Student: 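Could you have a look at this structure, given as structure tokens, before my questions?
Lettering of chains follows the sequences in order, A, B, ..., and the numbering in each one begins at 1. Predicted model only: the values in this text are computed from it and were never measured.
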Amino acid sequence: MNKQMNKLCRWVLDTAKKAGAKEAKVSLGKSRFVEIQYRDKRPDVIKEATTLQMGIDLFVNGRYSSQSTSDLRKDSLKEFIAEAVSTTKLLSEDPHRSLPDPKYYKGQIETDLKLMDAAIDKLTPEQKHSIVKAAENAALSAGGDKVVSVEAGFNDNFSESVMLTSNGFSGYGKSTDFAAVVSVNIRDEDNRRPMAYDYAESHFYNKLANPEVIGKNAANKALAKLGAKKIDTAAMPIIIENRNVHRIIDGLFEALDGRNIYRKQSFLADKKDQKIASDKFALIDDPLILEGLGTRPYDGDGFPAKKRTIIEAGVLKDFYIDWYYSRKLNCEPTSGSTGNMIIPPGTRSVDDIMKDLGKGILITDFLGGNSNPTTGDFSVGIFGQYFEGGKIVHPVCEMNIADNHLKFWHKLSECANDPWLYSSWRTPSMVFSDIVVSGV
Amino acid sequence: MKTTAATGGMVLAGPMLFDGWLAFADDVKTGYFETEFGITDSLCKKVLSKALSKGGDFAELYFEHTINNSLGLEDKKVDRAFSSINLGVGIRTVKDDQVGFGFTQELTEKSMMAAAATAATIANGSPTAISGKFTTVKKSDYYPLTGIKPAPLQPRLSLVESTADKCFARSGKVVKTIARFGDGRKRIMIVTSDGAKAEDLLPGSALSAMVTVEKGDRKEQFWFSRGGRRDFSYFSDEIAKQVAEGVVDGAIMLLDAVSPPAGDMPVVFGPGEPGVLLHEAVGHGFEADFNRKKTSIYSTMMGQKVAEPIVTVVDDGTWQNARGSINFDDEGTAGQKTVLVENGILKSYLHDRISAKHFGLKSTGNGRRENYANYPVPRMRNTYILPGKSKPQEIIEGVKKGIYVENVSNGQVNIGQGDFAFFVSQGRMIEDGKLTAPIKDINIMGNGPNLLRDITMVADDLRLGWSGLSTCGKEGQGVPIDAGMPTVLVKSLTVGGTKKEGA
């Protein structure tokens, strides 16, 4: 527990009550961030920052407002809170606004979720510079004379957060985060300079991939894009590479949100316990995995984290309903926050799966696109590799896939054995059959 | 609605953290940071000296105090309000194209000196001298305010509620309306080691609505907004009416929308909002940081023919009240209008101070940043194509089979390959020169240089998007922009429909 942060939050709660708020919630986040970036074998950017940000939710005579500020001088805060309380009184009443019933705070997680690495204090600037140099050199040598530009970076972050409510919730968390990223542009025909990147991120410094591997991967991914072209519009199988799967799931996810359900903007609102995907599709939200990038002890309402099954064998099992929208929808709250999103991996590698698929596209990047949460229609640009008989034939660009989520997930035929672990989305590569890919 | 832009992207319906009732402490027009926070010239000199204590070309201080509020309605009454305060100073040291950067949220000498010491670490030589006195940068007024203080709360509550009432009154098919009004003020002061001092107050406000409509078992949503660098005086009953009509009529049209065929076809872009096309396909690739690093597809094309002579593209920081207008940029360079492509010839990139020095040119006033926590990089302002001589109707009539784009929600570009995408939220099929069935929710793909080359007709009906919420994302920083265009014909683009032609 950070006593100073806790004391300031307690003072804000008292000040809000004195100013006339019936209830209040305050959260305070503090982070220290250091970033080193190289280009052309010398530092391009060195950045260091300490950030403080406070959020205050006020409940005044059945009325509600929310504020955030980085001006934490006590005089300013006092004035800020007084003005906010008096203005909140002028809004319309909302009978559904209140802090959660404290019974939902019970069962808080007391165990160490392993999010804090003491190495952050020991890592010297020289070590950080040598990590970045190693990654940059690896990318330059793997890319060879095709390289136009390499950018390599390393950053670390230490953050602490406090959340208090006037009806008894008290939470504290701290974590460290380390990330290395390399991007490489290479020279192609027609002035094209395709870019690719690779990265690794972890709460623990020694869990990051070797910087040389990251640099080499980034260069090889860029080289794989040389000579990309469009192919004819056709229906074919696609494989979405593990680290990008979340771009497509995001559209499904929006429709699980209690807010969108209440606003009649969810194509999944009436689909609970119904089959919305093939048997191969399972989705689990587990905020309690040790060292997980989506791990957290409690959610935005202060409810203790718990593991939930969202989709099981293609059947929709659960929504994301926070305290406020649970009251508007007249149902039990689940949680409005996500944790680690897990799609259980399959047993075969992408290479093995490709051999069985005939011809298709391995999607390695998405571009633009969007998804309509009311109808489930989506459309998104794709880049990747066209394959035939298990072998990569050539890269593709400027192509697109479009479908409706209520049809698309039924076409899931297999998950590969390669879950991506440098993200809160722990997804394997996923295989879909018979998707219209638009090109020429 | 968002883009994940490792490269560059634009979002029209961004998060709305705007102003509602909080006001600045008083009506101080200039000298705000000195009066409110004791930031004197001598303190600035001391901090700048620290930032250049190990050498470097120049250093700058960027002070910011921003107040944003918004009012929200979900059930016919305004029952929620949001406000935010952002206060801090960013300190940057530049040596050639290398950047050292630190920031603090405490405007105390001790904190600022520590941030300056961080910025200084990019260099490792002997100290660079700073200018003896600061000269105030001459300022234009591209967004005059009717008053320093925001309007009282009550009229703003009424505006939001009357917009929602108008939506329900417009059609019985409306089953849900979400409405918001946001009004923000950003105060900045830039002080540089080479003696420039610039102070500004930037307003921004927008009225937006989203509706859900139902017909039988079919449901659709649509979103619409109006705003810019304006204050509350702009938001008349007429504007509320425009927003309500725009959002309800748009949603109802979607109830009959079909999915277009997939594949390459001619695309006509209507005036205004589809300017996102230009922002993605052309604008980002012209940002000079990508060109000095040679990572843009346009980096070898300066002075060459990139389009037909009917095409002139500008990036303009001077359009009165437009969301991307700036009296000066975030490095203190005066706001201006930059011609990027003139009669088909590539004439200029968009420069900040670093890229201008690299190319031996003057900055074009495009050095922009989201806030004090970020250093500036070249960014667009209001980007558009100048009007041509064709008539919108003759452009549509010339297309046998293609699509017409009316509204776009977001887009993204790969700078290096020049490939771009943008998402059409509203449009129509064109069949035998006539607008026919509505279409929606499709992504369109293309390649920037090919697109410029393939613009074959430009109409005379230029306008900006004026959504008041357009935000461009690059390197994790969002900045307010606008984009626009007249009606334009592009010979061929990849339309991401769901049907194979003939299937």
Side-chain angles (χ1 to χ4, degrees), chain A residues 39 42-49 51-52 63-71 80 83-84 87-88 90-94 148-149 185 191-195 197 230 233-235 247 263-265 367-370 372 374-375 377-381 397-403 436 438-440, chain B residues 1 3-4 6 21-22 77-88 98-103 105 118 121-122 153 175-176 178 212 219-221 262-264 293-295 297 300 373 409-412 414 416-419 421-423 441-443 445-447 494-498 500-501:
Chain A
R39 195 173 65 84
R42 58 178 194 166
D44 199 39
V45 176
I46 295 175
K47 181 174 174 178
E48 259 187 75
T51 314
L52 279 157
R63 290 153 175 89
Y64 168 81
S65 71
S66 171
Q67 15 283 318
S68 83
T69 181
S70 66
D71 184 357
F80 182 51
E83 281 187 52
T87 309
T88 307
L90 301 175
L91 302 174
S92 291
E93 203 174 337
D94 182 350
V148 174
S149 174
N185 278 82
N191 275 313
R192 288 170 72 86
R193 288 135 202 269
M195 186 272 272
Y197 68 95
K230 274 196 267 197
T233 301
R247 276 292 305 275
R263 292 178 169 184
K264 298 184 190 290
Q265 288 171 355
L367 189 71
N370 211 327
N372 182 330
T374 302
T375 61
D377 294 323
F378 71 89
S379 182
V380 60
C397 61
E398 261 191 87
M399 297 191 67
N400 202 88
I401 57 170
D403 211 321
V436 174
S438 30
V440 181
Chain B
M1 298 183 200
T3 60
T4 51
W21 65 83
L22 276 166
K77 294 280 174 205
V78 174
D79 58 10
R80 63 201 65 186
F82 305 92
S83 64
S84 70
I85 296 178
N86 218 353
L87 174 68
Q98 298 170 279
V99 172
F101 187 76
F103 72 80
Q105 295 165 314
T118 297
T121 58
I122 196 70
L153 188 67
V175 293
K176 204 82 194 168
I178 316 293
T212 308
K219 249 187 335 184
E220 288 291 347
Q221 68 176 67
D264 286 358
K293 295 174 186 176
K294 301 190 168 37
T295 57
I297 192 161
T300 55
S409 64
N410 57 287
Q412 195 181 2
N414 277 344
Q417 287 165 292
D419 295 334
F422 59 90
F423 196 77
D441 295 333
I442 50 162
N443 202 43
M445 303 276 293
N447 177 272
T494 305
V495 175
T498 52
K500 240 186 102 176
E501 186 74 57

Student: Identify which part of B:F423 has an atom lying under 4.5 Å from any heavy atom of chain A, answering side chain, backbone, both or neither.
Tutor: side chain
Student: Rounded to the nearest 0.5 Å, how far apart are CG of B:N86 and CG of A:D71?
Tutor: 10.0 Å
Student: How many angstroms lie between atom CD of A:E398 and atom OG1 of B:T494, to the nearest 0.5 angstrom?
Tutor: 5.0 Å
Student: If I compare all heavy atoms of B:D419 with all of A:L367, which pair ends up nearest, and what's the gap?
Tutor: O-CD2, 3.4 Å
Student: Hey, does the side chain of B:T295 reach the backbone of A:N185 with a donor-acceptor pair shorter than 3.5 angstrom?
Tutor: no
Student: When you measure from the side chain of A:R263 to the backbone N and O of B:K176, does any donor-acceptor pair fall under 3.5 Å?
Tutor: no
Student: Is there side-chain contact between A:V380 and B:Q412, with at least one heavy-atom pair below 4.5 Å?
Tutor: no
Student: Under 3.5 Å, is there a donor-acceptor pair between the side chain of B:Q98 and the main chain of A:P43?
Tutor: yes
Student: Any sub-3.5 Å donor-acceptor pair from A:S70's side-chain atoms to B:L87's backbone N or O?
Tutor: yes
Student: Can you find a pair of side-chain heavy atoms, one from A:T51 and one from B:Q105, that are under 4.5 Å apart?
Tutor: yes
Student: Select one option (side chain, backbone, both, neither) describing which atoms of B:I178 are under 4.5 Å from chain A's heavy atoms.
Tutor: side chain
Student: For A:T375, check side-chain contact (heavy atoms from CB on, under 4.5 Å) against everything at least two apart and list the hits.
Tutor: A:N372, A:D377, B:E220, B:K440, B:D441
Student: If I compare all heavy atoms of B:N443 with all of A:G369, which pair ends up nearest, and what's the gap?
Tutor: OD1-N, 3.0 Å
Student: Which heavy atom of A:N400 sits nearest to which heavy atom of B:G496, and what is that distance?
Tutor: ND2-CA, 3.2 Å
Student: Please report the interatomic distance CD1(A:I46) to CD1(B:I122), rounded to the nearest 0.5 Å.
Tutor: 4.0 Å
Student: Quick one: what part of B:F422 sits under 4.5 Å from any heavy atom of chain A, side chain, backbone, both or neither?
Tutor: neither
Student: Looking at every heavy atom in both A:E93 and B:D79, which two are closest together, and how far apart are they?
Tutor: O-CB, 4.5 Å
Student: Looking only at non-hydrogen atoms, find the nearest pair between B:F103 and A:A49 and report the distance.
Tutor: CE2-CB, 2.9 Å
Student: Walk me through whether B:N447 and A:R192 qualify under side-chain contact (heavy atoms from CB on, under 4.5 Å).
Tutor: CA-CA 10 Å; B:N447 177 272; A:R192 288 170 72 86; 3.0 Å; yes
Student: Which residue out of A:C397, A:S92, A:G381 racks up the most heavy-atom pairs below 4.5 Å with chain B?
Tutor: A:S92
Student: For B:S409 and A:N370, work out which heavy atoms get closest and say how close.
Tutor: OG-ND2, 3.6 Å
Student: Would you find a donor on one side and an acceptor on the other, under 3.5 Å apart, between the side chain of A:K264 and the backbone of B:Q221?
Tutor: no
Student: Can A:K230 and B:D264 be said to form a side-chain contact (heavy atoms from CB on, under 4.5 Å), step by step?
Tutor: CA-CA 10 Å; A:K230 274 196 267 197; B:D264 286 358; 3.1 Å; yes
